[in-house]
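A quick write-up on the structure given underneath.
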Number of protein chains: 2
Amino acid sequence: MKKNIETELVGVKEIARRAEVAIATVDRVLNNRKGVSAKTKEKILGIIKELDYKPNIMARRLASNKTLKFAVLIPKVSEETDYWKAPLEGVKNAASEIKDYGIIVDIYFFDQNNKLTFSTEAVKILEKDYQGVILAPMFEEESISFIQKCYIKNIPYVFINSDIDEQNSLCYIGPNLYQSGYLAGHLISYLISEKQKILLVNISKEIDPHHHLLRKEEGFRAYFNVNHKENDLIKIDIKETDYLSVKQKIAEVLTQTSIDIIFVTNSRVSSVARYLEETGQSHIKLIGYDFLEENINYLKKNVIDFLICQKPQEQGYKGIMALYNFLVNSSAVDKQNYMPIDIITKENYKFYKN
Amino acid sequence: MKKNIETELVGVKEIARRAEVAIATVDRVLNNRKGVSAKTKEKILGIIKELDYKPNIMARRLASNKTLKFAVLIPKVSEETDYWKAPLEGVKNAASEIKDYGIIVDIYFFDQNNKLTFSTEAVKILEKDYQGVILAPMFEEESISFIQKCYIKNIPYVFINSDIDEQNSLCYIGPNLYQSGYLAGHLISYLISEKQKILLVNISKEIDPHHHLLRKEEGFRAYFNVNHKENDLIKIDIKETDYLSVKQKIAEVLTQTSIDIIFVTNSRVSSVARYLEETGQSHIKLIGYDFLEENINYLKKNVIDFLICQKPQEQGYKGIMALYNFLVNSSAVDKQNYMPIDIITKENYKFYKN
DNA sequence: CTGAAAGCGCTTACAG
DNA sequence: CTGAAAGCGCTTACAG
């Protein structure tokens, strides 16, 4: 029971003393609650400003003793790619960091090959009582339907990994997909000469007209338009994501046309790499996405030339933290938080932090 | 005065009740203080384990009400380069993040062109009462003298930006300098052909035999040895760091020998870039270090081809956090924390986070 | 070796 | 609209 000797230290007590009111009244002003006369409020506000008082966060949290619950809705790690391991990791790290501050994080998984599972999980979330939601809004229609319900219930939501504009989300944390595609275009322009042919490949079961992969494609195409590059560009969508289907589709194109470079718009580049390696065509240049073990292996073997990575773990981490800062610290949150566009090669992958 | 309804929630009170002792005794066991009989201690430990009790960090900090002071000793931003702005920024960010937890961070600056200033500041730090120190041990002899005194006083110290082995530091946070030079070697091998000539340049007033720049040089040379590259390598140390001196020294070499690529081992690459630009020799390839405005400008203009960056801001941030985690959370700290080796080009600098 | 009680700086019912 | 007091989950002297 050491007493606070530094009496000049400012707290609610000191403010109350100076304002000649009770501590509770100071607290009301501090937390912007009503039930304080304008006059008293003004007086207290003045003293707060004068003393440059900053509340003690720990004391506040300890006393308020309340618990916030966040729900996370992201794809489960699929058979074709374990990309989503990383955001999940980030979410877990953030969760354990703020656990002591009374935040509980529940994670819900959907199957990115099945829109229905998204909606099913969304319903589960709505049934419970969450104060905040983080989601990967992979399916536009289903996502909008979900977040509109959140909006009505006044629950803030954060988009990660891909964005939907104009949907009143608290913020977006993830790549600038268009720019990411644009950069891929630029990289590729280094690797090929004027007349060489490019094959662009989207591999995803669900590719509706709003699918986020298409934004990378737009950026990619834009690069060639803006810079007046005349390379032939062939594009295919592969909606069956198992290896055999990918193999078959790619083989089809490659037998018909001579392709010099392939750009795969997501982490499933390893399927294409596998095909190229198996058929001894690894002279065809290959660019794709994401720091996954399989991809790195093909990078090491020179089958994949570049991988573009966008800090998936950080996306999960920052998603939770954005909600936390907004809800608990009521601090301002950046509406857009774009990840860096990292270029991974055989040379620097060892030091990369995903 | 809401009461805790979830009585199953575990706290010291509950542990004390079960162990039939006072809360103070539980606290003694929890904090490993003496004055508890072996028998009681064992009993309490058993209950703690059984209940999987985790102390509430906020309550602990609030109650203990103590303040820790950290000292940071880093170079001041110099005229030749503002590299050190970034670590400073990181230190400040970390400091403001943990200010509420009773951590005070004082920053001391030395002149990296003057060893004496290092020692002077070190003395100032030792005179005060710090619980932890973060330093850039740029001058080996002076640094060792300083940290030995810290060691005696039982003050933990963290090295950032460059390391000194076997000095009982709490940890090192910064680049793997050798690997960083090695990577530069690899990059350069892409840019030149067999017989072309390389100029390696160290620009620093103080280059004693232990200077950290020399480790980059070692790594760089190692790349060429290991890979049996036979390129000629000329090396110069420039100890006068103003532009005119750099210009003169470089000019001297370039008039005598035909050089194809220049590798500058630190952020002062912009001086060389300026010279190359002014003399219309920007066809000579140039590689250097650090994401500084001046460097980026030369990158944009194709005078600099690559910049290697190693998250200087993060170094400062993590330095503080390492001390904090060790001292406050008594959590384990990684002995070595190597930064990624980022390759910055004209194409991706816009999205880089320093 | 052990315990009762005050205190850290806030918030929360409750009474007026 | 305002205040007195208990409480959040710990730690800290102090008394025994």
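Bear in mind that the values here come from a model prediction, so they are computed numbers and not experimental data. Hydrogens, waters and symmetry mates play no part in the numbers below; they use all other heavy atoms, side chains included. Proteins get letters first, then strands, A, B, ... in listed order; numbering begins at 1 in each.
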Heavy-atom donor-acceptor pair, [X] side chain to [Y] backbone, under 3.5 Å:
{"X": "Asn56(B)", "Y": "Ala59(B)", "value": "yes"}
{"X": "Gln313(B)", "Y": "Gly90(B)", "value": "no"}
{"X": "Gln310(A)", "Y": "Pro340(A)", "value": "yes"}

- Phe110(A): what forms a ring-ring contact (aromatic ring centres under 6.0 Å, His included) with it, not counting sequence neighbours? Phe118(A), Phe139(A)
- Note on the structure: Under a 4.0 Å heavy-atom cutoff, the residues of residues 48-59 of chain A touching DNA chain D are none
Show me the side-chain donor-acceptor pairs of residues 157-168 of chain A shorter than 3.5 Å, one per line, residues at least two apart or across chains.
unit_1, atom_1, unit_2, atom_2, d
Tyr157(A), OH, Gln167(A), O, 2.7
Asn161(A), ND2, Tyr83(A), OH, 2.6
Asn161(A), ND2, Gln315(A), OE1, 3.0

Rounded distance (Å) that lies between atom [atom2] of [N] and atom [atom1] of [X]:
{"X": "Glu20(B)", "N": "dG3(C)", "atom1": "CD", "atom2": "P", "value": "10 Å"}
{"X": "Asn65(B)", "N": "dG9(D)", "atom1": "CG", "atom2": "C1'", "value": "14 Å"}
{"X": "Arg60(A)", "N": "dG9(D)", "atom1": "CZ", "atom2": "C1'", "value": "19 Å"}

- Task: Have a look at Arg28(A) and say if it touches a base, only the backbone sugar-phosphate, or nothing, with a 4.0 Å heavy-atom cut-off.
- Result: base
- Query: Given Watson-Crick or G-U pairs with both distances under 3.5 Å, what dot-bracket string fits DNA chain C, with | for other-strand pairs and [ ] for crossing?
  - Reply: |||.||||||||.|||
- Item | NZ (Lys153(A)) with more than 12 external heavy atoms under 6.0 Å | yes
- Could you work out which one of dC10(C), dT2(C), dA4(C) sits closest to the side chain of Thr25(B)? dT2(C)
- Minimum-distance nucleotide (side-chain atoms of Ala24(A) versus dG3(D), dC10(D), dA13(D)): dG3(D)
With a cut-off of 3.5 Å and sequence neighbours excluded, list every side-chain donor-acceptor pair involving residues 34-49 of chain B.
unit_1, atom_1, unit_2, atom_2, d
Ser37(B), OG, Thr40(B), N, 3.2
Ser37(B), OG, Thr40(B), OG1, 2.5
Lys43(B), NZ, Ala19(B), O, 3.3

- Query: Is any NZ, NE, NH1 or NH2 atom of the basic residue among Glu127(A) and Lys124(A) found under 4.0 Å from an Asp or Glu carboxylate oxygen of the other?
  - Reply: no
- Does anything in residues 34-45 of chain B reach DNA chain C, meaning a heavy atom under 4.0 Å, and if so which residues? Gly35(B), Val36(B), Ser37(B), Thr40(B)
- Apply side chain to side chain contact (heavy atoms under 4.5 Å, CB included) to Leu135(A) and Phe146(A), showing your working. CA-CA 10 Å; Leu135(A) 74 153; Phe146(A) 173 40; 3.9 Å; yes
- Query: How many angstroms lie between atom CZ of Phe351(B) and atom CG of Asn176(A), to the nearest 0.5 angstrom?
  - Reply: 5.0 Å
- Taking the inter-plane angle between the rings of Tyr352(A) and Phe291(A) on a 0 to 90° scale, is it parallel (under 30°), tilted (30 to 60°) or perpendicular (over 60°)? tilted
